[in-house]
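Structure first, then comments.
Just so you know, ligand 1 is whichever comes first in the structure, and atom 1 is the first atom listed for that ligand. Numbers here are sequence positions counted from 1. Computed from a prediction, not measured in an experiment: that's the story for all the values here.
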Amino acid sequence: MEGRDPAGVWWCTEQMMTVPGADGCDQLVDDGGDATLLIHKGKEFEEKFAKDGSLPDPASTDNAEFKCILQLLRDSIPADKTKYTRMAAKCKGVSEETTTGVHRLKEMAAKGELLFPAINVNDCVTKSKFDNVYGCRHSLPDGIMRATDVMIGGKRALICGYGDVGKGCAFAMRGAGARVLITECDPICALQACMEGFQVVTMESVVGEIDIFTTTTGNFKIITLEHMKKMKNKPSSAIGHFDNEIEMENLEKFEGIKVENIKPQVDRYVFPDGHGIIVLAAGRLLNLGCATGHPSFVMSCSFTNQVLAQIDLLTAKEKGYKNNVYLLPKDLDEKVASLHLPALGAQLTTLTKEQADYIGVKATGPFKPDTYRY
Ligand SMILES: NC(=O)c1ccc[n+]([C@@H]2O[C@H](COP(=O)([O-])OP(=O)(O)OC[C@H]3O[C@@H](n4cnc5c(N)ncnc54)[C@H](O)[C@@H]3O)[C@@H](O)[C@H]2O)c1
């Protein structure tokens, strides 16, 4: 759905969750938390309507996405006053794919607002340490090359954030011959970047010299309008989750800005002073917008985790899951990896009973404590 208008995206989200002849879906697979957010906001505004007859007001927010949600609910409530309340009651739980969605879920759980149990698939080792790292290592340069045909070798590439996605992106850019710089707020990640030979800098100190920008923070206002004003005539890109990592709204509203659509998902924003920057995938996930996302092999690890999480949710009640965020057990994480090894021709060593006892594990695993960080 990348590149479509936000209202259309939210319309699709609602259609996906509307099950003819039923109150809604039994379980949700989410990526970024949009479906989960819509159910929660739907129920919240339906309850408000029941109490005081008021409908959501899209004019009450400046956030373009949230405006769409409010408009959608403003249309939905008069037609069916309890649609999302029934949907929430029917839903046994959600399994969430990505860092940004998990962040939203944890916020809701901490406030006691989560309406059903959630499984954090992102933090399975065989998800975040594979899809986020190796998937982005593949699909970041793929997206940049397809979109711009720019020579990456020799260019200065800034990766904002050196978490899982940032690590994959930094190594990809280095592999393509770029001189890679990193911004980080976390001293541990910053030190990791230094130890890998990347230069850790602040955006302000290098913004005028960088050729390719990639934001991987899951945070907002990483590349601001002020930064974009100071950039040279070169590409900028984003691989995080939302278009607020790059201040797209402010860029679009900037007086005198001209937008040249070079091709689908590739826009050149020209400032009144004549310098232009290339924005890929409208500031959203460029590897999805400008390429085909991650290759199927690495997604197979993520989706195997999703399937296991969905099976786990089937018995959430029996397991006594509360409306909280849960991780899959480590033996399942190891199982996901085991299932993928034969395709790569790997031969796993089997521990003898003696060796297993010596290091204090079972010969069949789990091989690491939950605190192990890989
Ligand atoms: N495009 C894709 O295919 C894809 C795949 C997986 C995840 N994601 C998304 O990518 C984003 C990052 O995911 P992740 O798993 O790497 O998360 P992460 O938490 O491992 O990494 C994010 C890093 O950004 C740093 N950071 C936060 N604010 C910063 C700032 N202002 N300046 C510099 N650094 C800052 C954090 O310290 C952290 O190290 C999320 O939005 C996630 O949903 C995208």
Checklist entry - Who's the nearest protein heavy-atom neighbour of atom 40 (C) of ligand 1, and how far? => result Thr100 OG1, 3.3 Å
Checklist entry - How close does the nearest protein non-hydrogen atom get to atom 28 (N) of ligand 1, and which residue and atom is it? => result Asn219 ND2, 3.1 Å
Checklist entry - Which distance, rounded to the nearest 0.5 Å, do you find between the CE of Met108 and the OG1 of Thr36? => result 6.0 Å
Checklist entry - Is any N or O atom of Tyr162, backbone or side chain, closer than 3.5 Å to an N or O atom of ligand 1? => result no
Item to check | Those atoms of ligand 1 less than 4.0 Å from some heavy atom in Asp186 | outcome: 37 (O)
Next on the checklist: For ligand 1, which is the ligand I care about here, please tell me if Asn287 has any N or O atom under 3.5 Å from one of the ligand's N or O atoms.
Outcome noted: yes
Checklist outcome for this item: among protein heavy atoms, the one nearest atom 25 (C) of ligand 1 is Glu184 OE2, 3.3 Å
Checklist entry - Quick one: nearest non-hydrogen protein atom to atom 26 (N) of ligand 1, plus distance? => result Cys185 SG, 3.7 Å
Next on the checklist: Regarding Asn287 and Arg146, do their side chains bring together a donor and an acceptor under 3.5 Å, going by distance alone?
Outcome noted: no
Checklist entry - For Asn132 and Lys127, does a side-chain donor sit closer than 3.5 Å to a side-chain acceptor? => result yes
Checklist entry - Is any N or O atom of Asn122, backbone or side chain, closer than 3.5 Å to an N or O atom of ligand 1? => result no
Checklist entry - To the nearest 0.1 Å, how far is atom 30 (C) of ligand 1 from its closest protein heavy atom, and which atom is that? => result Ile222 CD1, 3.7 Å
Checklist entry - ring pair (Phe, Tyr, Trp, His ring centres under 6.0 Å) between Phe297 and Phe130: does it pass, once the steps are laid out? => result CA-CA 10 Å; Phe297 183 79; Phe130 287 80; 9.0 Å; no
Next on the checklist: Just to check, does His103 reach to within less than 4.0 Å of ligand 1 when the distance is taken from its heavy atoms?
Outcome noted: no
Item to check | For atom 18 (P) of ligand 1, the protein heavy atom that lies nearest, with its residue and separation | outcome: Gly163 CA, 4.0 Å
Next on the checklist: Any donor-acceptor pair under 3.5 Å linking the side-chain atoms of His103 with those of Thr100?
Outcome noted: no
Checklist entry - Just by distance, with hydrogens left out, do Glu65 and Trp10 show a side-chain donor and acceptor under 3.5 Å apart? => result yes
Checklist entry - At a 4.0 Å threshold, what atoms of ligand 1 neighbour a non-hydrogen atom of Thr216? => result 11 (C), 12 (C), 22 (C)
Checklist entry - Does Asn132, backbone or side chain, put an N or O under 3.5 Å from an N or O of ligand 1? => result yes
Next on the checklist: Between Glu247 and His227, do the side chains contain a donor N or O and an acceptor N or O under 3.5 Å apart?
Outcome noted: no
Next on the checklist: Less than 4.5 Å apart, side chain to side chain, heavy atoms only: is that true for Asp312 and Leu328?
Outcome noted: yes
Next on the checklist: Looking only at the side chains, is there a donor atom on one of Thr13 and Asp34 sitting less than 3.5 Å from an acceptor on the other?
Outcome noted: no
Checklist entry - Distance from Phe49 atom CZ to Leu73 atom CG, nearest 0.5 Å? => result 12.5 Å
Checklist entry - Can you list the ligand 1 atoms lying under 4.0 Å from a non-hydrogen atom of Thr183? => result 33 (C), 34 (N)
Checklist entry - Checking Ser76 side chain against Leu72 main chain: does a donor-acceptor pair fall under 3.5 Å? => result no
Checklist entry - In the protein, which heavy atom is nearest to atom 13 (O) of ligand 1, and how far is it? => result Thr99 OG1, 3.3 Å
Checklist entry - Going by distance only, is there an N or O of Gly166 that falls short of 3.5 Å from an N or O of ligand 1? => result no
Checklist entry - Hey, which atoms in ligand 1 end up nearer than 4.0 Å to a heavy atom of His294? => result 3 (O), 5 (C)
Next on the checklist: I'd like to know if Gly135 contacts ligand 1, where contact means a heavy-atom distance under 4.0 Å to any ligand atom.
Outcome noted: no
Item to check | Ring centre gap for Phe116 and His40 strictly below 6.0 Å | outcome: yes
Checklist outcome for this item: atom 44 (C) of ligand 1 has as its nearest protein heavy atom Ile239 O, 3.3 Å
Item to check | Distance-only N or O hit between ligand 1 and Glu245, under 3.5 Å | outcome: no
Checklist entry - Would you call Glu46-Lys43 a salt bridge at under 4.0 Å N-O? => result no
Checklist entry - Is ligand 1 less than 4.0 angstrom away from at least one heavy atom of Cys189? => result yes
